[in-house]
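Worksheet: the structure to be examined is printed underneath.
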Amino acid sequence: MTDEISREALHDILRGVAALTGDALVADLARLIGKGVRADISIAFNPKQIASKRWLVEMLAEVLPKPDGPVWVLGAWHGVLGAMLLADERLAITQLVSLDIDPDCAPIAEILNHRHVASGRFRAVTADMMGLDFERAEGGRPGLVINTSCEHLDDVPGWVAGLPAGLPLLLQSNDYVREPDHRSCVPSLDAFKAQAGLSELWFAGALPTKNYTRFMLIGRR
Ligand SMILES: C[S@@+](CC[C@H](N)C(=O)[O-])C[C@H]1O[C@@H](n2cnc3c(N)ncnc32)[C@H](O)[C@@H]1O
C-alpha cells in the first residue's frame, strides 16, 4: 500500500484548488491546514455539513439579507459558517461573532477567518450559549442569532425562553438520534417548530441527507 497523503501535500492541493477557482475561502482553508489543525476540521468541511450551511446561506439571502445588528453564530465549532456568511455578497453583515463552549474552537475560527479578523468583521468567543445576556451584548443587541447546534443542547425551549422577545433567530436541528452528543433531536419539522415556539415564522424547511434530515427555522423569538 502506498503512503497516505501528508498534511503538507493536502496544503499544496488546497492552495492549487484556490488558485484554480479563485475562491478566497479555499485559500483560507489551505492556510489553516498548513498551520496544523485538529482532525475534526474534515467533518466540519464534509459535503453534508457544507450543504446544510449553503442551504442556510441561500435561505438567509432570501429571507433576511440585511440583519439590523451583529450576527451571532452559536455552537459555531471551527467558524466555517461565519466564513461562508461573510463571503456572500448578497448578505450585509458588518459584524459576526462566532461562539463555542469548546476553547479549542476560537483559535481555529480566527485563523480560518483571519481576513475578517483583520478588517474587524469577525471575532471568536469561548462561552456557554446558555448563559448569554443579549441585552448587554458587546457591540449591541444582535440583528440575528444563529444556532445550528440545537440538537446539542439539553433544553432548547429553556434556551429560547431566555432570549430577548422579538430577536430574529435562525435555528437548525436534526433527527440524528444515533449520535451520542445529540440530546434534543426532533423527529419532524413540526416537532422542531413546537420545540422552538417562535412568535413569527418566516421560513421552515427540511433537508434530507443519507442518514438523517436537517430542519431549519427562521423567524422571531
Ligand atoms: C458538532 S458541532 C456543530 C454541529 C451543528 N449541527 C452544525 O452543523 O453546525 C456542535 C458544537 O456545539 C458546541 N456546543 C455544544 N453545547 C454548547 C453550548 N452550551 N454553548 C456553546 N457551544 C456549545 C460544541 O462545542 C460543538 O463545537
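Order of listing sets the numbers, starting from 1, for every ligand and every atom in it.
For ligand 1, the atoms closer than 4.0 angstrom to any heavy atom of Asp102 are 25 (O). Interface of Ser149 with ligand 1, defined as ligand atoms under 4.0 Å from a residue heavy atom, comprises 3 (C), 4 (C), 5 (C), 10 (C), 11 (C), 12 (O). Using a 4.0 Å cut-off to heavy atoms of Ala127, the atoms of ligand 1 that qualify are 20 (N), 21 (C).
By the criterion of a heavy-atom distance under 4.0 Å, neither the backbone nor the side chain of His78 is placed next to ligand 1. The side chain of Gln49, and not its backbone, has at least one atom closer than 4.0 Å to an atom of ligand 1 (non-hydrogen atoms only; side chain from C-beta on).
Ranking protein heavy atoms by distance to atom 20 (N) of ligand 1, first place goes to Met129 N, 2.9 Å. Among all protein heavy atoms, the one lying closest to atom 2 (S) of ligand 1 is Trp77 CD2, 3.5 Å. Closest to atom 18 (C) of ligand 1, if we only count protein heavy atoms, is Asp128 OD1, 3.6 Å. Closest protein heavy atom to atom 15 (C) of ligand 1: His152 CB, 4.0 Å. For atom 6 (N) of ligand 1, the closest heavy atom belonging to the protein is Glu151 OE2, 2.6 Å. Of all protein heavy atoms, the one closest to atom 9 (O) of ligand 1 is Thr148 OG1, 2.7 Å.
Nearest to atom 24 (C) of ligand 1 by heavy atom, out of Leu81, Ile43, Asp100, is Asp100. With atom 23 (C) of ligand 1 as the reference point, the heavy atom nearest to it among Ile101, Asn174, Ile50, Asp181 is part of Ile101. Taking each of Lys53, His182, Lys48 in turn, the one with a heavy atom nearest to atom 7 (C) of ligand 1 proves to be Lys53.
Contact annotation: Ala44 has no heavy atom less than 4.0 Å from any atom of ligand 1.
Between Lys66 atom NZ and Leu60 atom CG the span is 12.5 Å, to the nearest 0.5 Å.
By the 30° and 60° cut-offs, the orientation of the rings of Phe134 relative to Trp72 is perpendicular.
Tyr212 and Arg214 form a side-chain donor-acceptor contact under 3.5 Å, judged by distance and modelled atom types alone.
Under the 4.5 Å side-chain heavy-atom criterion for ILVMFWY residues, a single connected hydrophobic cluster contains both Leu132 and Leu163.
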